[in-house]
Novice: 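Following this message is one structure expressed as structure tokens.
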Amino acid sequence: MKNKTTILITVAILALLSLSVIQAYLINNTYQLKNRAFTQEADDAISDIDNIYKLDSLFDIWSEDLQNHLADYKNSRITKEEVVKRLKIKADSLDLRYNNYYRQEVKALNLGYELRHKKKIKSILIFEGLHVDTIFVSKKDNNLKLFGENFEETNAKIINVSRLFNEHEFVQRDGENITMSSFDLEVKMESLMLIKDSKSIVLRRMISLLLISVFIFLFVTSLFYYSIKSLINQKKIAAIKTDFINNITHELKTPLATLGIATKILKSEEIKNSPEAFTNTLHIVDRQNNRLQKLIDQVMTNSLSATEIVLSKEQIIDNTYFNNLIEDFKLATQHNAIVIKNDVFVPEVLLRIDTFHFTTALLNILDNAVKYGKEGTEIIIKTVLKNNDYVISISDNGLGISVKDQEYIFDKFFRVNEGNVHDVKGLGLGLYYTSQIVKTHHGSISIESQPNKGAIFTIKIPIL
Ligand code: ADP
């Protein structure tokens, strides 16, 4: 049965984990799709800007400049590096205007998000017949920005790749010789776009999906948690009930067996001749009857919950009440060689309690200290007034209770399962009843204990 539950819980946890992984995968996929759609939407929105006349004409100015520099290069007046340097200077001088135009156009689109843009040169090549001369090729550390803003390209998107190809005629001077020459020019360019905070914009667009997913996830997790918890609880209750039935059966067996024997004796012929034996047997019947009655009373009274207990409170003086209680208890345990220490708060305090129920509640703890005590039992009953609470602590040096069991110690029918169930008689109702009585007095009860080092039960009740 335990194995079955463990398997069930493991399978359920695995199912929940798989569900979470699938959900995370689907959300990630949706994010990727939405991100792509969003970038495409931005791309479409700005796709026409590059072709507007004002920007085109700036590019024309730049390309004309390029061709003139290339003519100088062909006439060996400047080096390739000088060409690139001059191109950069020209691009920079046009950039401010380009940026202003571009921004105006983007603003007019009213996109609702910030967008950055740049155009850069990928390569500049010149062809003369079969001969190719590379003027510039963009590399990782060697970029030639034409127009636009400077930004990190990791998250940027290439929105356009364009190519300029034309034939250029120029005057070739070779000493005194002046001839007309030509070359084919190829310029490859790339336009890039970067949307500011694109991640959060996409996530914002997915907000309802994210919220529903989180809600469903939390709902399924809590449902799962609740089901497992009730399964464990049910199992615990079933085990506790079985324990209770075993305990009560055990408790009933002895008096019933004794009654059976006594009845047999009373039926026998010999008893009629011995009035003394007859009286003795009757006493046995009476004692066992009382024991049975007490057992039933214990079950009936001690299993009442706080809401079912009707209190009849009276005003008492703490000193008198506790001193009497301790004296009575000492008398009852006289034969057990138990040391009972009285450490009751000295200035008198007035308390309002139901003496009958409260005494039974305290006696349950005191009885337990004896029942679960070891050799040389020492019980200390201490009371103090702390702020507005009257604090009663009952400590013993007995078997103690493990931390794991302390959680359930005040539960109905709970008994520590380690070996002593049948060694020490009990139904697991005493501490439950005590806790219910403390509750009806608007107080609290707690336990501090370590196995084999004893236990301290602390009750706090508010004073008048
Ligand atoms: P019962 O004594 O009838 O079993 P209780 O409700 O009084 O029921 O106590 C519940 C369980 O708590 C006991 O079975 C026992 O295992 C444990 N217990 C209670 N008091 C003590 C104590 N002072 N020292 C060690 N164990 C205790």
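One-based numbering along the sequence shown. Being a predicted model, the structure only gives us computed values, none of them experimental. Counting starts at 1 for both ligands and their atoms, following the listed order.
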Novice: Do Tyr390 and Asp318 pass the side-chain hydrogen bond (donor to acceptor under 3.5 Å, both in side chains) test, and can you show the C-alpha distance, the side-chain angles, and the key distance before you say yes or no?
Specialist: CA-CA 9 Å; Tyr390 195 80; Asp318 69 329; 2.5 Å; yes
Novice: Counting from 1, what ligand 1 atoms have a heavy atom of Ile401 closer than 4.0 Å?
Specialist: 18 (N), 21 (C), 25 (C), 26 (N), 27 (C)
Novice: As a quick check of understanding, evaluate salt bridge (charged side-chain N to carboxylate O under 4.0 Å, His left out) for Glu153 and Lys120, giving each step before the final call.
Specialist: CA-CA 12 Å; Glu153 289 173 18; Lys120 65 179 206 176; 3.1 Å; yes
Novice: If you count heavy atoms of other groups shown closer than 6.0 angstrom to NZ of Lys330, is the number above 12?
Specialist: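 Count over threshold, so yes.
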Novice: When you measure from atom 4 (O) of ligand 1 to each heavy atom in Lys412, Arg415, Gln406, which option holds the nearest one?
Specialist: Arg415
Novice: Determine which pairs satisfy side chain to side chain donor-acceptor pair (under 3.5 Å) with at least one residue from residues 275-290, sequence neighbours left out, and list them in order.
Specialist: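 Side chain to side chain donor-acceptor pair (under 3.5 Å) check on residues 275-290 returns no pairs.
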Novice: For Lys119 and Glu190, run salt bridge (charged side-chain N to carboxylate O under 4.0 Å, His left out): C-alpha distance rounded to whole Å, both residues' side-chain angles, the deciding distance at 0.1 Å, then the answer.
Specialist: CA-CA 6 Å; Lys119 201 179 180 102; Glu190 201 174 73; over 6 Å; no
Novice: Quick one: which residue pairs count as a side chain to side chain donor-acceptor pair (under 3.5 Å) with a foot in residues 38-49, not counting sequence neighbours?
Specialist: Gln40-Asp44, Glu41-Arg205, Asp43-Lys157
Novice: Within ligand 1, which atoms have a heavy atom of Phe414 less than 4.0 Å away?
Specialist: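 Close to Phe414: 10 (C), 11 (C).
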Novice: Closer than 4.0 Å to some heavy atom of Val416 - which atoms of ligand 1 meet that?
Specialist: 14 (O), 16 (O), 17 (C)
Novice: Within the 4.0 Å heavy-atom shell around Ile409, which atoms of ligand 1 are there?
Specialist: 12 (O), 17 (C)
Novice: Can you sort out which atoms of ligand 1 are near Leu429, meaning under 4.0 Å from one of its heavy atoms?
Specialist: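 Within the 4.0 Å cut-off of Leu429, ligand 1 contributes 6 (O), 8 (O).
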Novice: Just jot down the ligand 1 atoms closer than 4.0 angstrom to any heavy atom of Gly428, in number order.
Specialist: 1 (P), 3 (O), 4 (O), 6 (O), 8 (O)
Novice: So which bit of Asp396 gets within less than 4.0 Å of ligand 1, heavy atoms only: side chain, backbone, both or neither?
Specialist: side chain
Novice: So how far is it from Leu109 CG to Leu115 CG, rounded to the nearest 0.5 Å?
Specialist: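 That separation rounds to 9.0 Å.
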Novice: Give the atom numbers and elements of ligand 1 that come within less than 4.0 Å of a heavy atom of Lys371.
Specialist: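 Answer for ligand 1: 1 (P), 2 (O), 3 (O).
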Novice: With a 4.0 Å cut-off on heavy atoms, is Gly398 touching ligand 1?
Specialist: no
